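Protein chains get the first letters and strands the later ones, always in sequence-line order, with residue 1 at the start of each. Everything numeric here is computed off the predicted structure, so don't read it as measured data.
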Amino acid sequence: SQQGEEDPQALSIQEGENATMNCSYKTSINNLQWYRQNSGRGLVHLILIRSNEREKHSGRLRVTLDTSKKSSSLLITASRAADTASYFCATGDTGRRALTFGSGTRLQVQP
Amino acid sequence: NAGVMQNPRHLVRRRGQEARLRCSPMKGHSHVYWYRQLPEEGLKFMVYLQKENIIDESGMPKERFSAEFPKEGPSILRIQQVVRGDSAAYFCASSSPTASSGSTDTQYFGPGTRLTVL
C-alpha cells in the first residue's frame, strides 16, 4: 500500500453512528495528522498526534497511533450529516517538513 | 487573523499558456508549501519554501514548474507551457516553525486554485 493509505476508501453510515477510519504508513514519522476536506474545498486540520503519543481526543474525535504497526485510526463519535466529507491522514516524516498524504476516506453520513 | 489566501480560485488556460498561482500565508508564518491534488486523490507534495529560499523541491516536476517566495509579497507557483495533465487543484499551506529543524509543524491550508487546461 502507499504511504498514508486510508481504509476504507468509502464509508456510509447513519447519523448518530460512529465512523472509524484507518491509516497505514511505511516510513519513520515525527507525527501524524488528520485533515477533512469538503467537496471542492480546502483542507481543514483536525488533529495532530506525535510519534510518542498513543491516543488523543478533540471533541467528538479520537485518534490512536500505533508506531509498531505503523497505523493510526480516526474515530468520529455520534456522527452528523455535516461530517460528510473526505478525511485524509498525513504523515510528517522524520527529517522532512513536507506532509505525505493518503488517498482519503470518503465519509457519507445519512440524515 | 486571516487564513491562508490563494488566488485566483479558478484559472482556465489553453495548452501552451502560462499559469501563475499566488499564495499569501497566514500572518506570522514564514514557511510555505505547495501541494497538487488530482481528482479523487490525495494531495501530493511539490515544494517547500521559506522567505527567498527553496528548501525542498523534491516533488516538483523537473520542467516547466517553478516556485518562489520573495521577501515581499506572496509565494508564486508558476507553470509554463501548460498541458492538459496539469489540470488539478493546487493547494498552498503555511506553518510557523515551532518544532525543531526537520520536524513537521501543523500546516494550515488555503482554499486552493483549480486549474483547468483546455
Side-chain angles (χ1 to χ4, degrees), chain A residues 1-10 21 23-25 27-53 56 58 63 65 72 85-108, chain B residues 2-7 9-10 21 23 26 29-50 53-60 67 88-114 116:
Chain A
S1 62
Q2 297 178 12
Q3 177 78 350
E5 190 73 13
E6 284 91 340
D7 166 55
Q9 290 187 333
M21 288 160 269
C23 168
S24 61
Y25 59 91
T27 60
S28 174
I29 65 171
N30 290 312
N31 60 63
L32 186 145
Q33 306 181 37
W34 286 90
Y35 287 83
R36 183 185 73 215
Q37 183 180 36
N38 290 79
S39 180
R41 307 288 292 275
L43 276 76
V44 175
H45 183 262
L46 295 176
I47 198 166
L48 180 153
I49 186 166
R50 302 199 182 280
S51 58
N52 61 354
E53 297 176 310
K56 205 163 184 179
S58 177
V63 169
L65 179 64
S72 173
S86 291
Y87 291 82
F88 295 91
C89 71
T91 54
D93 301 337
T94 302
R96 297 188 72 208
R97 288 195 181 272
L99 292 173
T100 302
F101 282 83
S103 53
T105 292
R106 281 166 287 286
L107 174 65
Q108 177 77 40
Chain B
V4 178
M5 299 176 68
Q6 290 187 249
N7 67 81
R9 295 290 305 276
H10 300 273
L21 288 64
C23 169
M26 285 180 68
H29 285 190
S30 57
H31 294 197
V32 166
Y33 313 79
W34 285 93
Y35 295 83
R36 176 166 62 178
Q37 184 180 35
L38 296 173
E40 305 300 320
E41 293 187 11
L43 278 70
K44 296 290 190 289
F45 167 74
M46 298 180 75
V47 62
Y48 158 47
L49 310 101
Q50 296 178 22
N53 285 302
I54 296 174
I55 308 301
D56 181 355
E57 55 181 347
S58 58
M60 285 281 270
Y90 292 83
F91 290 95
C92 168
S94 72
S95 71
S96 174
T98 56
S100 59
S101 176
S103 179
T104 312
D105 310 289
T106 297
Q107 296 181 17
Y108 297 89
F109 282 79
T113 293
R114 277 148 188 85
T116 300

Separation between OG1 of B:T106 and CD1 of A:I47, rounded to the nearest 0.5 Å: 10.5 Å

B:Q107 side-chain N/O to A:R97 backbone N/O, donor-acceptor pair under 3.5 Å: yes

Around B:M60, counting heavy atoms of other residues, nucleotides and ligands shown, do more than 12 lie under 6.0 Å from its CE? yes

Looking at A:E53, I want to see if its CD is surrounded by more than 12 non-hydrogen atoms of other residues, nucleotides or ligands under 6.0 Å. yes

Please classify the contact between B:S95 and chain A as side chain, backbone, both or neither, with a heavy-atom cut-off of under 4.5 Å. neither

NZ or CZ of A:R96 within 45° of B:F45 ring axis and under 6.0 Å: yes

Return the orientation label for the A:F101 and B:Y35 ring planes: parallel under 30°, perpendicular over 60°, tilted otherwise. perpendicular

If only side-chain N and O atoms count, and only distance matters, is there a donor-acceptor pair under 3.5 Å linking B:Q37 with A:Q37? yes

